[in-house]
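Report on one structure; see the data block that follows.
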2 protein chains.
Amino acid sequence: MERRPSSNVSVDVLTLRYNATDREVELAVYPRATEPYIGQLALPGITLLEGERLADAAQRAVHEKLGVGVRGLGPLTVFDEPSRDPRGFTLSVAMWAVADGAEPHADVSWYPLDDVPALAFDHNQMVTSTRQMLTDKLWRDLAFTRALTGPEFPVSAAVAMTRSLSGSDPDRGNLNRRLQSVPGLNVGHKRVVLGRGRPGALWVWAEDAVAQEPVA
Amino acid sequence: MERRPSSNVSVDVLTLRYNATDREVELAVYPRATEPYIGQLALPGITLLEGERLADAAQRAVHEKLGVGVRGLGPLTVFDEPSRDPRGFTLSVAMWAVADGAEPHADVSWYPLDDVPALAFDHNQMVTSTRQMLTDKLWRDLAFTRALTGPEFPVSAAVAMTRSLSGSDPDRGNLNRRLQSVPGLNVGHKRVVLGRGRPGALWVWAEDAVAQEPVA
DNA sequence: ACAAAAGTGTTCGACTTACACCCATGG
DNA sequence: CCATGGGTGTAAGTCGAACACTTTTGT
């Protein structure tokens, strides 16, 4: 093993979106175009450039590898498992991001977090070990939650996101009260019908909450 | 700014000890021997070697810069503030460590967390922003707590550590119940007298708790 | 009418905080 | 006897989880 006083740092991004049709929070993966693990599915990852900020690198990774922009992003954890990369990479910073609505590259695929296929490197390990953090962020981390929900969303989406991230059906009563306690989040006047069932309220983020928390 | 696909990663260690005489948890700093910031006080920090684990690097930093060993250590956060280092370092991983009883280098000094002097780099910022994490670890993170207390400790030490980390006097009744709920921690038979006042119990870590959590 | 979806009310236990009060020792 | 430090008991407040029940829609 080499012992140079410098390390390659990779930034790997768990890029999410809410799929309103399937009612699922989905993770973006793409087939690697370069060695190692060429052709295998992987999280968008990139090598941090000298002097580059983590947020910038994450955005670069999502843009280059997936072809989409980012509505919000933030740090998750650091992995320093040895031999996670055959080339000798050592440190990897896991970040979350929420994709904007842009059309991704054709080879990008999206999977529910419960159904992620085999990935390159230790990316499966990264997904499983950060899942709890993502779940904890929902309705607590405003930047994360706002990015995932968009400026307004029906109750059905709130239920689906919670189920999709936590893995089990939330109690609707408790979820409703939770939403009421989220700062900057208000019940709208409109009602949203969803096939059958009682129409639900449309939740709306306050303007100032929308303005804050820029992408960087 | 250079844009090479490789970054220097520094590991900076908040090295603590419990000073039984002054009843304070203290932080180790030392005067830097090299540029930049030569002569200024700083946390022990080191550049991560390629393929090196964070824990190993932290241990190396503490040993080389302070001359002491480590009874326990763990991660805190990652800082990626740009220009935190004039040389162009970018990423810094903050770790906690508890020093063993070895005699440190002569120029090492220890300060209570409330009274840390001006430090090089953004190390003051690092100390203030990780303080809450350290406080949260006490009595919760077993590796941290055991390392700081040693195999057994009197009630007075528990009170002092809590006050020293949290910044305010704990309620002794609540602290006592908290100690009782810490797994692996038991009240010993011995009593410890402390000048004046009623003698306090000696708390003892269970053997298996002592065995687990190796330094790495 | 019935199933599906949304919303309200209530309770329980875990945990934190605060505070009142008793106990044991040294000076 | 009293200041100092140690220890027990109790009550309020917060929070999450669980559950019963009502309301409003489509089929």
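In what follows, chains are A, B, ... by sequence order, proteins preceding strands, each numbered from 1.
Residue contacts for B:Arg140: at a heavy-atom cut-off of 4.0 Å it reaches the sugar-phosphate backbone alone, with no base atom in range.
Between B:Arg131 and B:Asp114, at least one side-chain N (NZ, or NE/NH1/NH2) sits under 4.0 Å from a carboxylate O, which counts as a salt bridge.
Qualifying side chain to side chain contact (heavy atoms under 4.5 Å, CB included) partners for B:Thr149, counting only residues two or more places apart in sequence or in other chains: B:Trp139, B:Thr145, B:Phe153, B:Met161, B:Trp205. For A:Trp110, the side-chain hydrogen bond (donor to acceptor under 3.5 Å, both in side chains) criterion is met by no residue, not counting sequence neighbours. Looking at residues two or more places apart in sequence or on another chain, you find no side-chain hydrogen bond (donor to acceptor under 3.5 Å, both in side chains) involving A:Asp100.
Shortest non-hydrogen contact noted between A:Gly45 and A:Asp12 is CA-OD1, 3.2 Å.
Nearer the 5' end of DNA chain C, as judged by each residue's closest nucleotide, is the contact made by A:Gly200, out of A:Gly200 and A:Arg177.
The stretch residues 155-175 of chain B comes close to DNA chain C through B:Asp171, B:Asn174, each having a heavy atom under 4.0 Å from the strand.
At a threshold of 4.5 Å between non-hydrogen side-chain atoms, the residues B:Arg172 and B:Arg177 do not count as touching. Using a 4.5 Å heavy-atom threshold, the side chains of A:Val187 and A:Val204 count as separate. Residues B:Val116 and B:Leu119 form a side-chain contact, since some pair of their non-hydrogen atoms from C-beta on lies under 4.5 Å apart.
Side-chain atoms of B:Asn124 come within 3.5 Å of backbone atoms of B:Pro117 as a donor-acceptor pair (strictly under, hydrogens ignored).
Using a 4.0 Å cutoff to heavy atoms of chain B, the contacted part of DNA chain C runs 5' to 3' from C:dT16 to C:dG26.
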Between the protein and nucleotides 25-27 of chain D, which nitrogen or oxygen pairs come in under 3.5 angstrom?
from   : atom 1 : to       : atom 2 : distance (Å)
D:dT25 : O2     : A:Gly197 : N      : 3.3
D:dG26 : O4'    : A:Gly195 : O      : 3.4

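In summary, the side chains of B:Asn19 and B:Glu26 do present a donor paired with an acceptor at a separation below 3.5 Å, with no hydrogens or angles considered.
Between B:Asn176 and D:dT8 there is a side-chain N or O to OP1 or OP2 distance below 4.0 Å. Close to D:dG7, at under 4.0 Å from its OP1 or OP2, lies a side-chain N or O of B:Arg191.
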